Structures are given as structure tokens and as C-alpha cells.
Amino acid sequence: MELSKNFQHNEAEQKWYQHWMDKGYFYSTPDERPAYTIVMPPPNVTGVLHMGHALNNTVQDILIRRAKMQGFNTCWVPGTDHASIATEAKVVNMLKEKGIDKNDLSREEFLKYAWEWKEKYGGIILAQLKKMGCSLDWNRTHFTMDDAYYKAVIDVFVNLYNKGNIYRGVKMINWDPQALTALSDEEVLHKEANSKLTYIQYKIDSETEEYITIATVRPETIMGDTAVCVHPEDERYAHLKGKFCFVPLINRRIPIIFDDYIDKEFGTGALKVTPAHDINDYNLGLKHKLAVVDTLNENGTMSEAAQIYVGHDRFVVRKQIVEDLKASGNFVKQEDYNNQVGVSERTGAVIEPRLSMQWWCDMEKMASPALEAVMNEEIDFYPSKFKNLYRHWMGNIKDWCISRQLWWGQRIPAWYDTEGNIYVAENADKVLEQYLQKNAGGTIADLRQDDDVLDTWFSSWLWPLQVFEWNENRDNKELDYYYPTNTLVTGPDIIFFWVARMVMAGYEFKGKKPFEQVYFTGIIRDKQGRKMSKQLGNSPDLLELIEQHGADTVRFSVMISSPAGNDILYDEAFLEQGRNFCNKMWNAMKLVKMWEGRVSTEVSTDDTFAIDWMQERIKQVELSIEELLKDFRLSEALKNIYSLIWDDFCSWYLEWVKPGFEQPMSAMVYNKTIDIYESLLQLLHPFMPFVTEEIYHLLRKQSDDLMSRQLTAFGTPNAELLSEGTKLQELITAIRDARVKNNLKPKDVIELAVDTKEESFYTSTKNILGRQINAEEISFTNEAVQGSISLVLGVDKLYISSNVAIDTAAQKEQLQKDLDYQKGFLMSVEKKLSNEKFVANAKPEVIESERKKQSDALAKIKTIEESLSLL
RNA sequence: GGGAGCAUAGCUCAGCUGGUUCAGAGCAUCUGCCUUACAAGCAGAGGGUCCGCGGUUCGAACCCGUGUGCUCCCACCA
């Protein structure tokens with residue numbers, strides 16, 4: 001078989017993903033094995049794969065694939081979220097491009113378009129995950145608006161309503177004037193804005209020409225003012241008690257009220273009170289029984305109630321009114337002012353606080369078990385710093401505004417009769433039953449269903465339950481087996497939106513936590529630390545990256561740069577490193593394949609040092625990987641495997657067992673080498689599934705697949721063997737370094753004489769050492785070899801002889817450098833040991849180790865000095 | 001305004017219970033090699049005020065205080 005120069009990813013990826021699918025490796029059904037379950041955070045149904053998904057899903061795939069190798073029955077559930085507001089916005093835009101206005105459509109017509117859109121684009125993101133190599137159980141794919149899921153959401157609503165946890169009420173909400181819907185507090189982002197603070201004077205209603213000046217960043221709302229408020233102890237305004245003033249331009253007469261809410265220092269110490277457009281003003285209004293004048297329409301234009309500028313946009317009016325106030329003589333001044341402005345997380349529109357009738361979910365009761373579960377570590381957060389954040393939010397939780405003035409989503413199962421009475425039930429039939437009890441002879445036509453749909457998170461919070469058909473059968477076998485799930489992998493940005501609410505739903509509806517542990521990944525940023533976003537155009541096209549570089553390489557590049565708990569600065573340079581790694585492994589495989597034809601059972605097989613050592617190294621790394629993965633330190637685990645394969649296996653091991661030019665290969669060594677390579681591939685497989693599976697099958701004919709191969713117990717590594725390996729590496733490096741420094745060409749043959757107490761070590765590694773340093777003879781000696789390069793390694797003295805002239809000055813310098821270092825080292829150790837306080841206070845083992853350092857250093861110094869004296 | 005986190009090589013980051021096996025890794029840089037797996041490679045090397053200051057300690061990158069700079073979260077001061 002002809003092997004290509006480098007690893008060809010495209011073909012391998014298609015082949016193996018299909019093969020894994022055909023073999024059914026991704027599918028899970030309950031059995032006697034323990035389950036390891038992850039539910040994927042469902043991406044937006046109309047979304048396309050971006051770097052965040054790549055990170056998130058690679059992490060999950062690594063956990064799943066590794067758990068599978070460890071004998072768990074793994075189940076990773078895919079699916080998509082209907083993403084109410086985001087999807088509706090996209091559909092509205094799509095229709096607009098077609099020249100269709102949503103307002104001209106009936107609800108049914110709009111939903112028909114929306115479903116068409118979902119069918120067309122809804123599967124794209126899941127298909128893209130296949131390209132990444134994600135081992136998802138596709139038979140379990142769910143969508144949060146599937147019929148059964150829809151019903152579960154409705155049932156939960158009815159259940160909570162009947163328990164009294166859901167109610168309808170008028171409150172100040174966050175209004176998105178672009179999407180024309182209410183939003184929850186979590187859907188509002190606060191952004192720093194450069195605003196203007198406008199000072200406006202209101203004429204006092206009195207005989208004299210007197211004014212009171214207020215400061216505001218929203219002059220366009222003055223038509224909604226129903227009072228001016230000052231601090232009761234503010235002497236400047238004490239004389240205005242009981243007085244009134246006039247709102248400029250419209251001349252509404254409003255009271256001057258007194259409240260210690262006011263900050264005397266801010267602005268002029270006088271506040272215009274606009275209860276309809278500010279939450280604080282609203283509260284003030286309630287306290288002082290002020291009228292509410294709502295001067296804005298739903299879309300952010302001025303309403304009839306404003307009297308002037310009717311129909312004009314709020315931001316246009318903000319500028320215009322300043323001009324008009326100047327003309328009327330009410331304008332005082334304007335200054336620059338930085339403040340926080342709330343914007344819609346989805347549309348980016350500036351939020352209007354707005355008084356309106358909405359549905360609310362009382363969170364307090366549900367929050368308490370959910371808070372406790374995380375605080376007492378029944379649910380573990382990684383990194384644990386997010387516990388603080390969670391506690392703070394849960395401890396200050398407010399009622400959740402769950403109604404949205406949208407069509408795409410679960411429609412609220414509430415009906416109203418002509419008198420405004422509310423009937424809540426799973427469906428129209430049941431509602432009618434309720435209605436008929438009070439209104440004999442009525443029909444469903446007497447009732448009108450609420451137009452609103454539920455917040456998308458009101459469905460996603462059921463995800464870990466409902467993907468196992470919880471609502472159809474609340475104690476079904478699968479739910480018992482897979483739930484609670486094991487690990488949730490998600491971004492910290494949705495800790496409140498989703499994670500907290502899933503925990504609440506888990507306890508409220510199932511009486512159990514939804515997951516054992518939550519791993520919060522970092523946020524992906526570009527090299528300069530900027531968040532990746534469409535606007536900045538700094539987010540690479542993931543599919544293109546996979547196409548060009550291969551899924552393994554992309555996975556590698558994302559994982560190698562993502563320390564646990566920190567943001568990821570993504571640099572495409574990592575792609576190069578990943579690609580090189582694939583090729584390194586590919587070429588190692590080619591080397592091994594080259595030996596295949598040269599295998600002979602005749603070759604002596606007593607030289608097993610390399611094999612023994614490599615096996616211990618694998619054990620060692622396996623142990624550290626296990627520890628690292630427990631703490632989700634995936635990038636470090638990957639670095640360990642990377643180095644194990646590149647450095648230990650390719651750079652050392654393969655060189656150590658490599659037969660001489662055109663020499664036969666020991667059958668035993670050959671087979672062990674393949675065993676070893678397979679172990680390495682298995683360790684790496686969860687991170688880079690395709691290239692490892694491909695090489696696994698090329699190394700030798702296999703009856704199984706790497707993906708389904710089980711990890712065997714590795715055991716404790718032999719420390720002595722490991723340190724011998726390290727010593728051999730140091731020896732080789734030191735001699736190579738000496739060769740370079742003495743201008744010995746790689747082809748120049750040397751002779752090595754060793755003065756050591758550990759002859760057995762040299763005997764067992766002699767063959768390897770000879771090849772690695774190109775020595776034709778290695779012998780033992782008790783005295784210096786004249787005319788040689790002398791080196792000191794530990795307390796061993798090495799003498800390198802060759803027919804090339806030796807530069808004694810250079811070596812002398814090197815030895816002197818070593819000597820200085822050792823002397824300095826010894827001094828610091830002896831200083832410590834002669835310090836009475838140290839000897840009195842330090843732990844005995846520390847003192848012991850210092851003594852050892854002392855004697856080692858003394859021995860080394862003696863050795864170096866002896867060598868030096870010969871030069 | 002409240003809270004959290006971070007600051008170590010040119011860059012990205014490890015460094016766990018304080019102790020020269022602690023000052024590290026990868027990338028980048030420099031030097032020498034087209035050596036028959038791999039130049040997308042091999043063999044070597046250089047590179048640091050562990051953010052500043054103070055303290056605790058026999059001993060501090062690590063603990064405490066403080067200052068500076070950055071990041072994030074929460075919050076109803078116009």
C-alpha cells in the first residue's frame with residue numbers, strides 16, 4: 001500500500017464518521033453499565049456553528065469519548081432551541097426582504113413561514129457538528145418546539161399556575177421597542193453611553209417670576225412628568241413646599257414633592273418625576289400617588305399623551321426638544337455625562353422601562369433548594385468561582401417575566417372571557433369545561449386565548465428532563481437511567497438564563513438535580529482579546545477551517561489554547577501546530593510501517609530498556625491525565641499527551657528502537673512498538689478522533705475500532721525506570737551538546753569512556769547510547785582519558801575521544817561555568833543549614849533534603865574540579 | 001456604587017500544601033544540519049525586576065496589607 005506523504009484529513013473524516021455511525025457507537029440504550037450522560041446546550045435552531053460551539057462541543061465530545069473508553073454507557077443528547085425572539089426576528093427580516101410585513105399576516109400565516117424557515121435552516125448546525133466529529137446520539141435529537149416538548153412546557157405552566165407560582169400582573173418591565181416585546185431582566189445588557197445631561201427650568205406657579213431647574217438625560221420624557229421632587233432637607237427648595245410648577249412646552253401643572261430618595265448633590269438636587277418611563281420614578285409615583293402619563297408608543301415614538309411630537313421617534317425628539325426649549329426660554333445648559341443604558345440582548349435596541357400587564361413566575365420558593373444544592377456542592381461548579389455569582393443572583397432573585405409579545409414559541413394556555421376572567425388549562429377543551437361550570441351554555445367562541453408566547457428559557461429549563469420524555473411518563477426507565485445527567489458544559493454567560501433555571505426545574509418537577517457537575521468554558525476571544533462577533537468580523541468560518549485544516553486540527557487548536565476557567569485567546573497559529581502534530585503522527589506510523597518488511601525473529605531481543613521505559617512513561621502520563629480531567633484541565637491534559645507522543649515516543653523511543661541502516665527489526669520490538677503506539681493513540685483519541693482512528697487501522701489489521709476500545713488499568717509507574725530514562729536523555733543531550741560545541745560533525749565517530757559507580761545503568765543502555773551519540777565504543781574507566789573532551793553528569797565523569805582536534809578552552813569554560821553554579825548552589829544550601837532558626841523550625845524532611853543537596857553538590861564539585869585539573 | 005478575577009520569557013500560559021528536583025512549557029527568536037518517517041522536520045542555544053511598595057517567616061512567584069493596570073459580573077441615582 002502506498003502511503004501519502006502527509007495525513008489526508010478530508011477522506012478520513014468522512015470515512016470514519018460514517019463507520020462509527022454504521023457501527024452504532026453513538027447510540028445508547030440503558031443496560032447494566034453505569035451511564036455517563038451529557039445533554040448538549042441546544043443551539044439556536046437557525047444558528048450556524050461558530051468558535052464558541054466548537055469549543056463547547058469539543059469539550060463534551062472529549063468527555064464522552066473518554067467515558068466510553070472507561071466502560072461507561074455514554075449518551076450525549078443533541079438538539080436545538082426554538083429561540084423565540086431570535087428566530088422570530090430572523091423570520092421577520094426574511095419576510096421583509098420578500099416585501100412581506102409581519103403585521104399583514106395572521107398568526108397562522110406567520111407561523112407557517114416560521115416553520116418553513118425552521119425546516120430549511122434548522123438542521124444545519126447539527127450537521128455541522130458531525131463534521132467536528134461529535135459522537136452524539138442522533139436518535140435522541142430534540143427540538144424545544146416538538147409536539148411533545150411543547151406539551152411539556154404547557155403542562156408545566158398549568159402546573160405552576162395551579163400551585164400559585166404563576167400570576168398575571170401590571171409591573172414595570174423592560175420593553176424592546178424594536179422586537180415589540182417585554183424582556184426579562186437577564187435579557188437586558190447595560191452599556192456605557194456618552195449622554196448629555198440637560199438642565200431645564202420649570203416655572204413655579206406663583207406671583208413672582210421664579211423657576212426650579214431639573215437635570216435629565218431624557219428631555220423627551222418631560223411631557224410625562226407628573227411631579228418635580230426635591231430633598232426634604234434641601235434648604236434651597238424649602239420655600240416651595242406645597243407649590244406647583246409647569247412642565248415646559250405643554251404647561252401641565254404638577255406638584256413639587258419632597259422625598260429623601262433624592263441626592264441633593266446630583267445636578268440641581270431637583271428631579272423630574274416621570275412614573276411611566278423610569279422604575280425609580282414609578283416607585284416614587286406610587287408612594288406619592290402621582291398620575292402616570294405614558295408618552296411613548298410601543299415602537300418608541302411619542303404617543304398622543306405626549307401632546308406634542310406625536311408619532312416622532314424618541315431619539316429625534318430628544319434633539320428637537322432641546323431646540324424648542326431654547327426657544328421657549330426653559331433651556332439652561334447641557335453637559336456631557338456618562339451613564340449606563342439598557343439595551344436588548346437580541347436586537348440591540350435601547351430598552352424602555354414600561355408599565356405593562358405580563359405573566360410572572362414567582363421564583364423565590366424554587367430558588368432556595370437550587371441555591372442550597374450548589375452551595376453544599378451537591379452540584380459542583382468548575383471553576384468554583386462561579387458559585388459566588390450564582391449565590392448572589394439566587395439570593396436576590398426577582399420574579400421572572402415569562403410572557404413575550406411574539407408568535408414563535410409556546411402560546412400561553414390562558415383564555416379570557418368577555419368579562420376578563422382568566423381560565424388556565426392544557427387546552428381549549430379543558431378551558432371550556434372550566435368556563436361551563438360558571439357559564440352554562442357557553443361556547444369556546446366566548447373565550448379568547450392570550451396572544452403571547454412564553455420566554456424561550458421557560459422551555460429550555462426543562463431540557464435535561466424532557467429529552468428523556470419526562471412529560472410523557474414521569475418515571476420512565478430511560479429517565480431513571482440517564483437522569484441526573486453527569487456533566488453540563490456551557491458558557492458562564494448563561495448561568496442565570498439557563499443553568500440556574502434548570503437546577504430549579506430539576507428540583508421542582510423531578511425532585512432531583514439535573515446534573516452532577518457544571519463546567520463553564522471560557523469565552524473565545526481573538527488574538528487581541530476581543531470577543532468574537534459577526535460585527536467585528538473576527539470570527540473565523542469554522543466549516544472552512546475544518547475543510548482546510550481538518551477537524552482534528554481545529555479541535556486541537558481550540559483545546560490547546562483553552563485553560564480551564566479562563567477566556568480563550570484564539571490564534572490561528574495553533575492550527576499550524578495541530579497540523580504538524582497530525583503529520584508527525586502520520587510519519588511515525590510510516591516509519592513503523594517501513595519496519596514491517598524487515599521484521600525478523602532472529603534478531604536478539606534482550607535490549608528492552610526503551611520498551612520498558614516507554615511503558616512506564618505512558619502509565620505516568622495516563623495518571624496525570626486522569627487527574628487533570630477531573631478538574632477539567634483539558635488543555636493541560638492535551639499538552640501532556642502531545643509531549644508524550646512527540647517528545648517521548650517520536651524523538652526518544654522510536655530513535656532508541658530504530659534498527660541500523662537496512663538492518664532487520666526484532667519481531668518482539670516491532671510488536672511492542674505497535675502496542676505502545678496504539679496506547680498513545682487511545683489516549684489521544686478523545687481529543688483528535690479521526691487521525692487516531694485512521695492510524696490505528698493502518699498500523700495493523702484490527703477487528704475493533706479505536707473509538708470503542710476499552711482502556712485497561714495502567715497501574716503505578718516504576719519511578720526508578722523513569723529516572724533512568726531521564727538520565728539517559730540527559731546523557732545523550734549533554735554529549736550531543738558537547739559534540740556541537742566541539743565542532744564534531746554528526747558523522748564523526750567518537751569513543752566514550754565512563755567513570756561511574758553505576759555501571760549496570762550504562763550496560764543496560766549501552767546500545768541505545770552508542771547509536772544516539774554515534775559512539776563506536778563505550779567503556780568504563782577509573783581515570784581520566786588524555787586528550788578527550790571531559791564532561792560531568794551528576795557524579796559521573798565522561799570522556800569523549802575522537803580524531804578531531806579538541807577545543808580545550810571551550811570545555812574549560814563550560815566546566816568552570818558548571819563549577820561556579822554548583823559552588824553557588826552549595827553556598828546557599830550551607831547558609832541555610834548553618835542557620836540555627838532554619839534547623840530548629842523547618843520540617844525534618846526539608847532539612848534532610850537540604851543535607852542531601854549538600855552532599856550531592858560536594859560530590860559534583862569534586863568531580864568537576866578533578867576534570868578541570870586535567871585540562 | 002458593590003463584588004469577583006487576573007498581572008510570571010517577545011506572545012499564550014503552567015507553577016497544587018511556602019523549601020534550588022523552582023523560576024518552567026508551547027509558540028516565536030538565534031545557531032548548525034536537505035541524517036534513508038517527518039525541513040510542516042532534526043540537533044542545540046539564548047531569553048525573566050515572577051506588576052510596584054511594605055509586612056509575616058529561618059525561608060515568599062506562592063501567605064497578608066497596600067498601590068497601579070486590565071477583565072468580567074451585578075446595581076433603580078436623574
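So that the names make sense, note that chain A is the first sequence line, chain B the second, and so on, each numbered from 1. Values below: all heavy atoms of this structure, side chains included; hydrogens, waters and symmetry mates excluded. Model, not experiment: these values are computed from the prediction.
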> If you look at every strand shown and take non-hydrogen atoms under 4.0 Å, does A:D263 touch a base, only sugar-phosphate, or nothing?
base
> Using the side-chain heavy atoms of A:Y261, tell me which of these nucleotides is nearest: B:C76, B:C74, B:C58.
B:C76
> Can you work out whether A:H190 or A:F266 has the more 5'-proximal nearest nucleotide on RNA chain B?
A:H190
> Which whole number of Å gives the distance between the C1' atom of B:G41 and that of B:A61?
36 Å
> Please convert RNA chain B into dot-bracket. A pair counts if it is Watson-Crick or G-U wobble with both distances under 3.5 Å; crossing pairs go in [ ] and bases paired with another strand get |.
(((((((..((((.....[....)))).(((((.......))))).....(((((..]....))))))))))))....
> When we call it a touch if two heavy atoms are under 4.0 Å apart, what does A:K853 touch: a base, just sugar-phosphate, or nothing?
sugar-phosphate
> NA contact type, A:N283, heavy-atom cut-off 4.0 Å: base, sugar-phosphate, or nothing?
nothing
> At under 4.0 Å, does any side-chain N or O of A:Y337 touch on OP1 or OP2 of B:A78?
yes
> Taking NZ, NE, NH1 and NH2 as the nitrogens, is one of them in A:D234 or A:K264 under 4.0 Å from a carboxylate oxygen of the other?
no
> Give the rounded distance in Å between these two atoms: CG of A:L389 and P of B:G3.
15 Å
> Taking the side chain of A:N280 as its heavy atoms from C-beta onward, which of B:C42, B:C76, B:C58 lies nearest to it?
B:C76
> Using a 4.0 Å heavy-atom cut-off, does A:A588 contact any base of the nucleic acid, only the sugar-phosphate backbone, or nothing at all?
base
> What's the gap between B:G52 and B:A7 when it is taken at their C1' atoms, as a whole Å value?
12 Å
> Counting side-chain heavy atoms from C-beta on, which of B:G44, B:C27, B:G5 comes nearest to A:K385?
B:G5
> Looking for any heavy atom pair under 4.0 Å, which part of the strands does A:T216 touch: base, sugar-phosphate only, or nothing?
sugar-phosphate
> Let me know the distance between CD1 of A:I262 and C1' of B:C77, rounded to the nearest Å.
9 Å
> Ring centroids only, cut at 6.0 angstrom: are A:F556 and A:F687 within range, meaning strictly under it?
no
> So, using side chain to side chain donor-acceptor pair (under 3.5 Å) as the criterion, who are the partners of A:R314 when residues are at least two apart?
A:E352
> Base, sugar-phosphate alone, or nothing: which one does A:R579 contact when heavy atoms must sit under 4.0 Å apart?
base
> Looking only at atom C1', what distance separates B:U35 and B:C22, rounded to whole Å?
37 Å
> Measure CD/A:Q772 against C1'/B:G44 and give the value in whole Å, please.
15 Å
> To the side chain of A:F838, which of B:C27, B:G19, B:A40 is closest?
B:G19
> Would you measure the distance from the P atom in B:G46 across to the matching atom in B:U31 and give it in whole Å?
15 Å
> What is the separation between atom CZ on A:F496 and atom P on B:A75, rounded to the nearest whole Å?
8 Å
> Taking B:A78 as the reference, what is the distance to B:G5 when you measure between their P atoms (whole Å, please)?
28 Å
> Base, sugar-phosphate, or nothing for A:L271, non-hydrogen atoms under 4.0 angstrom?
base
> Please report, rounded to the nearest Å, how far the P atom of B:C73 is from the CD1 atom of A:I523.
7 Å
> Can you tell me how far P in B:A14 sits from the matching atom in B:A60, rounded to whole Å?
24 Å
> Tell whether A:E655 reaches the base of B:A37 with its side chain through a donor-acceptor pair below 3.5 angstrom.
yes
> Please confirm whether any donor atom in the side chain of A:N587 sits under 3.5 Å from an acceptor in the base of B:A37, or the reverse.
no
> Roughly how many Å is it from CG in A:N580 to C1' in B:G26, rounded to a whole number?
13 Å
> Touch check for A:C650, heavy atoms < 4.0 angstrom, all strands: base, sugar-phosphate only, or nothing?
base
> Within the pair A:T733 and B:G44, is there a side-chain N or O less than 4.0 Å away from OP1 or OP2?
yes
> So which nucleotide from B:C42, B:A39, B:G44 ends up closest to the side chain of A:K5?
B:A39
> Do the charged groups of A:K630 and A:E627 touch, with an N to O distance under 4.0 Å?
yes
> Is it the case that more than 12 heavy atoms not belonging to A:M827 sit under 6.0 Å from its CE atom?
no
> Do A:E596 and A:K593 sit within salt-bridge range, that is, some charged N less than 4.0 Å from a carboxylate O?
yes
> Between B:C73 and A:N388, is there an OP1 or OP2 to side-chain N/O distance shorter than 4.0 Å?
no
> Does A:K832 have a side-chain nitrogen or oxygen under 4.0 Å from the phosphate oxygens OP1 or OP2 of B:G19?
no
> Do any side-chain nitrogens or oxygens of A:K584 fall under 4.0 Å of OP1 or OP2 in B:C42?
yes
> Taking any heavy-atom pair under 4.0 Å as a contact, classify A:E836: base, sugar-phosphate, or nothing.
nothing
> Between atom CD1 in A:I732 and atom C1' in B:A43, what is the gap in whole Å?
12 Å
> Using 4.0 Å as the upper bound for N to carboxylate O, is an ion pair formed by A:E636 and A:K639?
no
> Go through B:A78, B:C27, B:G15 for me and flag the one nearest to the A:Q577 side chain.
B:C27
> Can you establish whether the number of heavy atoms outside A:E720 located under 6.0 Å from its atom CD is more than 12?
no
> Measuring from the side chain of A:V217 (C-beta onward, heavy atoms only), which nucleotide among B:A78, B:G26, B:C58 has the closest atom?
B:A78
> Would A:K832 and A:E830 pass as an ion pair if we require N to O under 4.0 Å?
no
> Using a cut-off of 4.0 Å on non-hydrogen atoms, how would the nucleic acid contact of A:N835 be classed: base, sugar-phosphate, or nothing?
sugar-phosphate
> What interatomic distance, in whole Å, is found between P of B:C42 and the corresponding atom of B:G24?
23 Å
> Are A:K843 and B:G59 close enough that a side-chain N or O sits under 4.0 Å from OP1 or OP2?
no
> Taking the six-membered ring for Trp, is the centroid-to-centroid distance between A:Y390 and A:F386 below 6.0 Å?
no
> Determine the interatomic distance between P on B:C16 and the same-named atom on B:U56; round to the nearest Å.
24 Å
> Measure CD1/A:I695 against C1'/B:C38 and give the value in whole Å, please.
12 Å
> Is any side-chain N of the basic residue among A:D856 and A:K860 closer than 4.0 Å to the acidic one's carboxylate O?
no
> Does A:L591 or A:W646 map to a spot on RNA chain B nearer the 5' end, using the closest nucleotide for each?
A:L591
